[in-house]
Amino acid sequence: MAKKQEEVRRLASVYAFKAPDKPKRETRIFTPTCGCGAEAEWEVYDTLQPHCTRHKNEAMTSTIKPFVRPIGGFDDAS
């Protein structure tokens, strides 16, 4: 602890920052991502895991072919 005024001046300064403003949009846009961090375009396996094209092709090379479909592909009621 500082015992003299000179020591207080030598200590690190503390700056207060303003809290960030709230976003103007209340809704949150969700884009699924692959495990590698890339944007997912495919749902793979029965659990519908999101995968990018590269990892979808890697999953397709396995001996047991997984279930693959584009994201949002066959669920719509149109």
Side-chain angles (χ1 to χ4, degrees):
M1 273 198 80
K3 297 187 180 186
K4 296 181 182 178
Q5 270 308 80
E6 307 166 345
E7 293 175 3
V8 172
R9 290 186 190 112
R10 283 189 289 173
L11 295 175
S13 300
V14 177
Y15 298 100
F17 291 97
K18 180 184 169 193
D21 294 334
K22 290 184 178 179
K24 294 179 181 168
R25 181 187 296 211
E26 292 294 324
T27 59
R28 182 175 178 219
I29 298 172
F30 174 73
T31 55
T33 57
C34 181
C36 66
E39 187 174 342
E41 301 172 7
W42 301 93
E43 292 176 337
V44 184
Y45 304 112
D46 294 335
T47 56
L48 304 178
Q49 300 172 5
H51 285 305
C52 62
T53 304
R54 187 181 91 195
H55 286 110
K56 181 230 10 157
N57 293 337
E58 185 177 321
M60 292 297 292
T61 60
S62 65
T63 55
I64 300 172
K65 301 296 182 209
F67 174 77
V68 176
R69 72 178 189 180
I71 288 184
F74 305 114
D75 280 345
D76 58 353
S78 58

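Since the model is a prediction, treat every value here as computed from it, not as a measurement.
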For residues 57-67, please give each side-chain donor-acceptor pair under 3.5 Å, one per line with the distance, not counting sequence neighbours.
unit_1, atom_1, unit_2, atom_2, d
N57, ND2, T53, O, 3.3
T61, OG1, E58, O, 2.6
S62, OG, A59, O, 2.9
S62, OG, I64, O, 2.8
K65, NZ, M60, O, 2.7
K65, NZ, S62, O, 3.3

Verify side-chain contact (heavy atoms from CB on, under 4.5 Å) between R69 and L48, making sure each step is shown before the conclusion.
CA-CA 9 Å; R69 72 178 189 180; L48 304 178; 3.6 Å; yes
Minimum side-chain heavy-atom gap W42-P50 below 4.5 Å
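Not touching, per the 4.5 Å side-chain cut-off.
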Under 4.5 Å between any side-chain heavy atoms of C52 and E39, yes or no?
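Heavy-atom side-chain distance check fails, nothing below 4.5 Å.
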Does T47 have any side-chain contact (heavy atoms from CB on, under 4.5 Å) partners at least two apart in sequence or in another chain, and if so, which?
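side-chain contact (heavy atoms from CB on, under 4.5 Å) check on T47 returns Y45, Q49.
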Please report the closest heavy-atom contact between A40 and I71, naming both atoms and the distance.
O-CD1, 3.6 Å
Spacing of H51 atom NE2 and C36 atom SG [to the nearest 0.5 Å]
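Answer for the NE2-SG pair, H51 versus C36, is 9.5 Å.
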Go through it in stages, so that I can follow the logic: the residues are K56 and V68, the test is side-chain contact (heavy atoms from CB on, under 4.5 Å), and I'd like the CA-CA distance, side-chain angles, deciding distance and then a yes or no.
CA-CA 8 Å; K56 181 230 10 157; V68 176; 3.5 Å; yes
